[in-house]
Number of protein chains: 2
Amino acid sequence: MIGCDDPAEPGKVGLTTAASDEAEFLRRYDAARYEKPSFTVDLVIFTVRDEHLHVLLVKRAEHPFKGCWALPGGFLDPRRDASVDACAARKLIQETGVRTPYLEQLKTYGSRDRDPRGWTATTVYFALMASESVRLLGNQAEASWVGVRGDQVDFELAFDHAQILADAVDRLRSKLEYTHIAVHLLPEEFTLPELQRIYEIILQQPLDKSSFRRRVIQADMLEELTGKQRDGFGRPAQLYRFRDYGRRTFFPRSISRHAR
Amino acid sequence: MIGCDDPAEPGKVGLTTAASDEAEFLRRYDAARYEKPSFTVDLVIFTVRDEHLHVLLVKRAEHPFKGCWALPGGFLDPRRDASVDACAARKLIQETGVRTPYLEQLKTYGSRDRDPRGWTATTVYFALMASESVRLLGNQAEASWVGVRGDQVDFELAFDHAQILADAVDRLRSKLEYTHIAVHLLPEEFTLPELQRIYEIILQQPLDKSSFRRRVIQADMLEELTGKQRDGFGRPAQLYRFRDYGRRTFFPRSISRHAR
DNA sequence: AGCGTATAGTTGCTTTTTACAACTATAAGG
DNA sequence: CCTTATAGTTGTAAAAAGCAACTATACGCT
């Protein structure tokens with residue numbers, strides 16, 4: 001079982017260098033430092049491999065939580081990043097090399113005690129990608145795909161990242177119900193049985209083949225690649241490609257349908 | 001038509017006081033100041049009055065966008081606010097005096113150019129409340145309920161607040177479809193025709209009475225107040241109260257139902 | 001060739017849910 | 001005891017989903 005070498009050290013403040021001669025300087029420096037919370041961007045990057053949902057984690061090289069697994073991310077750099085979205089996209093490319101996956105803002109977590117160094121806020125994004133499309137870059141730190149069981153991994157995570165992961169899994173599951181984001185967990189061309197398998201893995205329950213196909217086809221979000229099929233055992237399956245007409249739903253029922 | 005007296009002044013930086021003798025001091029002070037974006041929390045507070053959706057806006061007393069209408073909000077105070085959620089709740093009480101409305105995080109908007117003073121991030125919350133429960137406090141600034149047409153108001157808003165408002169309306173509409181949040185736009189006790197009217201006002205379309213009632217009742221989120229009825233014209237209506245069993249859906253259909 | 005098996009995809013019937021319209025119920029006021 | 005106004009119910013048709021059996025197309029084997 002993997003754990004944290006360095007669990008939280010509350011109270012310890014991470015000012016590494018300080019010109020200690022001028023009290024006034026320090027007072028104002030600290031004021032500037034603490035008038036704003038530290039601001040970071042973290043990523044929950046999902047993929048499906050080996051019949052299981054996986055999330056990308058990195059091993060922390062620095063205190064706090066040194067040696068502990070954590071979500072990839074880090075400080076926003078106001079000089080490089082034109083926006084929070086741009087910062088998230090930059091970090092995603094850094095970690096995975098993937099430029100155009102599904103990337104959506106999840107939520108911002110900010111509080112006085114989520115980091116032992118003091119007040120921090122992190123805006124978390126969640127990303128979906130096909131496992132085939134990724135080459136882990138691990139530029140700075142050891143990075144690895146980790147299987148998700150239920151809504152958590154098998155070991156402790158740094159900071160409040162376990163809660164963040166649980167929220168992200170929750171969002172992923174609920175968005176599966178009314179959007180087509182699952183297609184982003186597959187390569188550009190895929191078959192309906194493959195798509196159904198993604199649903200079954202993430203929702204953790206078997207789905208009915210004919211109902212699934214009816215809904216997906218009727219939503220008219222998939223383009224049939226005429227002539228192209230994927231071979232394997234048994235009858236070859238028809239290949240499809242996702243086409244995005246803005247958001248649409250698989251599911252014809254919503255309260256608006258009560259209109260008369 | 002109401003406008004902004006003071007549209008953006010790009011390039012102007014709001015350093016009001018500066019100890020100008022020590023270049024080194026300024027350099028490090030600025031570094032501390034700009035290594036983090038400014039962090040604010042804004043609120044989109046909705047209510048329904050006079051058969052229309054309204055949002056609470058305040059008139060800005062300071063530059064930039066002085067005199068322009070804006071969403072209420074302001075800087076997070078790391079000393080007072082234990083968390084971003086707590087900051088939002090504090091600001092909500094400041095503006096409206098309401099302690100327990102529906103309050104949910106919407107999204108974080110952050111970029112280099114959304115504020116002429118430089119890099120800022122704002123975490124936006126959206127709140128729902130019954131119009132009866134509010135007494136506008138307008139502690140600092142002129143505050144007013146403003147009617148929302150479609151997904152905007154009739155005049156220009158400060159910063160990127162028009163976009164934020166549009167996103168909030170969008171979220172409100174889509175959550176009406178699969179949650180019960182509309183009950184928070186009514187007093188604690190309400191009738192089904194009143195609830196249906198809220199839906200019709202926000203979704204901007206008439207709904208079928210019997211279908212609406214069937215769905216709402218079957219979701220089993222409402223408690224009938226036996227013996228209590230609200231009078232008016234015609235037959236008096238039964239009063240109900242919302243009971244929250246965690247999130248549940250009006251709507252029986254979702255892809256999970258394909259299970260077999 | 002012909003059969004078994006494995007997966008893809010379709011079809012038809014049943015059940016559930018929704019839409020729609022007509023109906024009943026209960027109040028107020030002349 | 002009408003009319004009007006709003007609340008609430010019921011019955012039926014249409015739509016959607018559940019479910020199971022069916023056909024289709026590949027492979028590999030004898």
Side-chain angles (χ1 to χ4, degrees), chain A residues 51 176-178 186-187 189-201 203 205-241 248-260, chain B residues 51 176-178 186-187 189-201 203 205-241 248-260:
Chain A
E51 303 279 295
L176 235 43
E177 308 267 357
Y178 62 97
L186 288 169
E189 301 185 354
F190 54 88
T191 70
L192 292 191
E194 285 167 353
L195 184 60
Q196 183 177 341
R197 195 75 197 101
I198 295 285
Y199 272 84
E200 292 175 335
I201 288 167
L203 296 176
Q205 65 184 339
L207 300 179
D208 177 71
K209 182 170 52 168
S210 75
S211 300
F212 182 84
R213 296 176 70 93
R214 192 172 30 206
R215 270 178 121 146
V216 174
I217 299 291
Q218 278 181 9
D220 198 33
M221 299 298 285
L222 300 186
E223 182 182 359
E224 192 175 322
L225 300 173
T226 48
K228 300 183 83 174
Q229 296 187 324
R230 177 159 300 168
D231 290 9
F233 263 135
R235 174 175 169 177
Q238 178 62 52
L239 278 170
Y240 291 84
R241 178 187 292 138
R248 181 103 62 100
T249 286
F250 279 163
F251 316 115
R253 297 286 162 193
S254 76
I255 207 165
S256 312
R257 291 300 192 86
H258 291 198
R260 28 185 326 179
Chain B
E51 303 279 295
L176 277 200
E177 308 265 358
Y178 64 97
L186 289 168
E189 301 185 354
F190 55 87
T191 69
L192 292 192
E194 285 167 354
L195 184 60
Q196 182 177 343
R197 194 76 197 100
I198 296 284
Y199 272 83
E200 293 175 334
I201 288 167
L203 296 177
Q205 64 183 344
L207 300 179
D208 176 70
K209 182 169 52 167
S210 75
S211 300
F212 181 83
R213 296 176 71 92
R214 183 174 0 101
R215 272 179 121 146
V216 173
I217 299 291
Q218 278 182 8
D220 197 34
M221 300 298 285
L222 300 185
E223 182 182 359
E224 192 173 322
L225 300 174
T226 48
K228 301 184 81 173
Q229 295 187 324
R230 178 158 297 169
D231 291 8
F233 265 133
R235 175 175 170 178
Q238 178 62 52
L239 279 169
Y240 290 85
R241 178 188 292 138
R248 182 104 61 98
T249 285
F250 278 165
F251 316 114
R253 296 286 164 195
S254 73
I255 206 164
S256 313
R257 292 300 193 87
H258 290 198
R260 36 183 319 178

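Letters A, B, ... mirror the listed sequences (proteins, then strands); counts begin at 1. Values below: every heavy atom of this structure, side chains too, minus hydrogens, waters and symmetry copies.
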For [X], give me all partners under side-chain contact (heavy atoms from CB on, under 4.5 Å), at least two apart in sequence or on another chain.
X: B:Q229; value: B:P236, B:Q238
X: B:R241; value: B:E188, B:E189, B:E223, B:L225
X: B:I217; value: B:L192, B:Y240
X: A:I198; value: A:V48, A:A182, A:L185, A:L186, A:I202

Between [N] atom [atom2] and [X] atom [atom1], what is the distance in whole Å?
X: B:R213; N: C:dT18; atom1: CZ; atom2: C1'; result: 17 Å
X: A:Q196; N: C:dT10; atom1: CD; atom2: P; result: 13 Å
X: B:D208; N: D:dA7; atom1: CG; atom2: P; result: 15 Å
X: A:L207; N: D:dA17; atom1: CG; atom2: C1'; result: 13 Å
X: B:R214; N: C:dC20; atom1: CZ; atom2: C1'; result: 10 Å
X: B:R230; N: C:dA27; atom1: CZ; atom2: P; result: 16 Å
X: B:K209; N: C:dT18; atom1: NZ; atom2: C1'; result: 17 Å
X: B:F212; N: C:dT17; atom1: CZ; atom2: C1'; result: 17 Å

Query - Heavy-atom side-chain proximity of B:S211 to B:R214 below 4.5 angstrom - result: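 B:S211 reaches B:R214 side chain to side chain.
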Requested in this report: Applying side-chain hydrogen bond (donor to acceptor under 3.5 Å, both in side chains), name anything that partners A:R235, two or more places apart in sequence or on another chain.
Outcome: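 Expected list: none.
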Query raised in the report: So does A:S211 get a side-chain nitrogen or oxygen closer than 4.0 Å to the phosphate oxygens (OP1/OP2) of D:dA17?
Result: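 No, no such contact exists.
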Report task. Describe the nucleic acid contact of B:S210 in one word from base, sugar-phosphate, nothing, applying a heavy-atom distance below 4.0 Å. Result ->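 Since a base atom lies under 4.0 Å of B:S210, the category is base.
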Query raised in the report: Base, backbone or nothing for each nucleotide of nucleotides 25-30 of chain D, written B, S, -, heavy atoms under 4.0 angstrom, 5' to 3'?
Result: BB----
